[in-house]
Amino acid sequence: MEIKFIDNGTVTTAQGFTAGGICASIKPTNTTKKDLALIYCDVPCNAAAIFTKNLVKSSTIEVTKKHLENGVARAVIANSGNANTCNFDGIEKAEKMCSLAADALGIDKNDVIVASTGVIGQILPIEPIENNIAALAKSISKDGGTDAAEAIMTTDTVKKEAAVTFELDGKTVTIGGIAKGSGMIHINMGTMLSFVTTDAAISSDMLKSALLEAADVSYNMVSVDGDTSTNDTLALMANGLAGNAEITEKNEDYKTFVNALTVLCKTLAKKLAGDGEGATKLLICSVANAKTEKDAKGVAKSVICSSLLKAAMFGEDANWGRVLCAIGYSGMDVDINKVDLSFVSSAGELPVCENGAGIEFSEEKAKEILSEKEITIKIDLKDGTAYAEAYGCDLTYDYVKINGDYRT
C-alpha cells in the first residue's frame, strides 16, 4: 500500500471537514494568541477517542466520554490557556462549551467533543467563549485547519499538522490531523491533544481499536519530561464520504487503515517530541532484534526517558554509558553482553559500543553527528526479531526556565 503525504495537509484535508481558530482571550495575560478552536463536519461521523491514564483528569474528558457513548460526533471545540482540571465547576463548564458550539453550528450538543489544555487548578472563564463562539463558528473554513492547530498550542513553538492519502477498497481515502504538546509529556500520551479526521467509512468500534493500535506505537512512545498529563485526548472522526465499503471487522481494509493512521500519528508524535519545551533536538531511540515487542518498547522508553542521556545530547556529548545504564534498569529481558550501540544523524553514523563494551571512536566525529537537529540512538539487542521506536528530545536550560514560572 502506498501512503502519500499531502502538502500542507491538516485536519480539514479530508472531505467534509472545516475548522477555525481565534483569539478569545481565555488567558487574561495574552490578548493576541489564538486560544479557541473549532472543527466541524457537514455530516454525522462515527467517532472514538482515547484519553490519559492519569487518575487526575480534566472535566472535558468525562464529558467527551459521555458524548461518545453512542459513537457519533460532528464537532470538536477546544481551548488553550486553561486545562479545566481540578475545578468544582469543571463539568458544568465543559458541558457549556459543548452547548455553545452546538447552538452556533445548529447541531446536538451531545455530538460535540470538548477538550482543554493549559494551567491546572484555575477556574475556566466561560465568558470569553460565550462572547466569541459566534465569530468562531462563522470563521470556519476548508482552509481553517492551521488556525485550529495554532489555537490549541500552549508552550508549543510550532504547529503540528499533517495529512496522508491512500487507496482503500478502490477509493481514495484521506486522514488528516493536528496535535499539540510540548511539556508534561510522557508515554500515556503526554499533555497532548490530537484531533484526527478521515473520510473513510469505518465503524466507531473499529475506530476505537485502530486508535489504540496506532497510539501504542506513536503517541504512547513519546516522552519529553516524564510527567503524564491530566488532559490527554486523541479523538478521531470518520464521515464515510470517500465511499469505501464500511469497515466493521478486522479485515485487510482495517489493516490498511490502521497502517495509514499509524503513519500519520507517528509523524505528529515526532513533531511533538521535537518541539519539547526548550528542546533543540529530536531524539529517536530505535531498538532492533529484541526477544519480544514488549522488550523492544521497554528498552526504547527507558532510554528516551533518561534525563542524563537527554542532557548529554544537549551537550553533544557521546556519553554512551548512559544508554547502557538505561537499558540495564529497564526491567526488560536483555543480554547486555550482546548489545551494539551507535549514534546516527544526517552527518553519519558513529558506532560506540559492541557486545556491551566500548570501542574507540573520534570525539570530533561524535560532536559533528550530535550537533544535528535529529539524532537516532540505534540499539541492536541481537536477541530476536522485535523492533520498536520511542521519541523524545534533549534536556536544556530553557526547560527549567519555561517551567519555573509556567503558572505566573
Side-chain angles (χ1 to χ4, degrees), residues 156-158 160 181-183 185-187 190 221-226 266-267 269-290 296-330 334 336 338-382 387-403:
D156 306 64
T157 65
V158 295
K160 289 91 175 174
S182 191
I185 292 185
H186 179 67
I187 305 309
M221 297 301 288
V222 174
S223 184
V224 167
D225 50 22
K266 280 190 173 183
T267 298
K270 290 178 184 179
K271 290 175 183 281
L272 294 175
D275 191 34
E277 287 175 337
T280 65
K281 305 177 192 298
L282 167 64
L283 305 181
I284 301 172
C285 182
S286 69
V287 178
N289 301 314
K297 286 181 177 179
V299 168
K301 289 177 180 179
S302 186
V303 171
I304 215 69
C305 289
S306 168
S307 294
L308 287 174
L309 172 68
K310 289 154 65 72
M313 293 299 95
F314 171 60
E316 299 172 2
D317 177 9
N319 195 341
W320 62 269
R322 293 178 177 179
V323 179
L324 270 288
C325 179
I327 295 172
Y329 62 62
S330 68
V334 174
I336 204 68
K338 292 182 178 180
V339 175
D340 289 353
L341 167 65
S342 61
F343 295 111
V344 184
S345 74
S346 60
E349 180 170 355
L350 181 74
V352 293
C353 171
E354 290 181 0
N355 297 319
I359 57 177
E360 289 188 9
F361 60 87
S362 164
E363 292 289 354
E364 291 75 17
K365 183 63 176 177
K367 191 79 171 178
E368 180 184 349
I369 288 173
L370 297 182
S371 67
E372 298 297 321
K373 295 296 185 182
E374 180 176 318
I375 300 165
T376 296
I377 303 149
K378 184 179 176 183
I379 299 169
D380 187 349
L381 299 181
K382 297 189 293 187
Y387 178 85
E389 286 183 351
Y391 313 107
C393 61
D394 54 344
L395 181 60
T396 73
Y397 308 125
D398 285 340
Y399 178 82
V400 177
K401 291 179 182 177
I402 291 167
N403 284 284

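Small disclaimer: the values here were computed from a predicted structure and weren't measured.
Taking both residues in full, the closest heavy atoms of V323 and L309 are given as CG2-CD1, 3.7 Å, listed atom of the first, atom of the second, then distance. When all heavy atoms of L282 and A273 are compared, the closest pair comes out as CD1-CB, 3.6 Å. For the residue pair E372 and K281, the shortest heavy atom distance occurs at O-NZ, 3.5 Å. Shortest non-hydrogen contact noted between C393 and K310 is O-NZ, 2.8 Å. The two residues A300 and M221 make their nearest non-hydrogen contact at CB-CE, 4.3 Å. Here the closest non-hydrogen pair linking I369 and V344 is CG2-C, 4.1 Å.
Put simply, the side chain of L341 reaches to within 4.5 Å of the side chain of I377, judged on heavy atoms. Considering only heavy atoms from C-beta on, F361 stays 4.5 Å or farther from S342 through its side chain.
Checking side-chain atoms of S371 against main-chain N and O of E368 turns up a donor-acceptor pair under 3.5 Å. Between the D340 side chain and the N355 main chain, a donor and an acceptor come within less than 3.5 Å of each other. Between the S302 side chain and the A326 main chain, a donor and an acceptor come within less than 3.5 Å of each other. Of the possible polar contacts, none joining the K297 side chain to the A388 backbone as a donor-acceptor pair under 3.5 Å is found. The main-chain N or O of A347 is found under 3.5 Å from a side-chain atom of S345 such that the two form a donor-acceptor pair. Side chain of D275 to main chain of T157: a donor-acceptor pair is present (N/O by atom type, distance under 3.5 Å, no hydrogens or angles).
To the nearest 0.5 Å, atoms SG (C353) and CD1 (I359) are separated by 7.5 Å. With rounding to the nearest 0.5 angstrom, the NZ atom of K367 is 13.5 Å from the CG atom of L350. If you take CZ on F314 and CG on L395, they are separated by 8.5 Å, rounding to the nearest 0.5 Å. One distance of note links CG of L381 with CD1 of I327; it measures 6.5 Å at 0.5 Å rounding. To the nearest 0.5 angstrom, K160 atom NZ is 15.5 Å from K270 atom NZ. With rounding to the nearest 0.5 Å, the separation of OG1 in T280 from NZ in K373 is 5.5 Å.
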Derivation and outcome, side chain to side chain contact (heavy atoms under 4.5 Å, CB included), residues K271 and V158: CA-CA 9 Å; K271 290 175 183 281; V158 295; over 6 Å; no
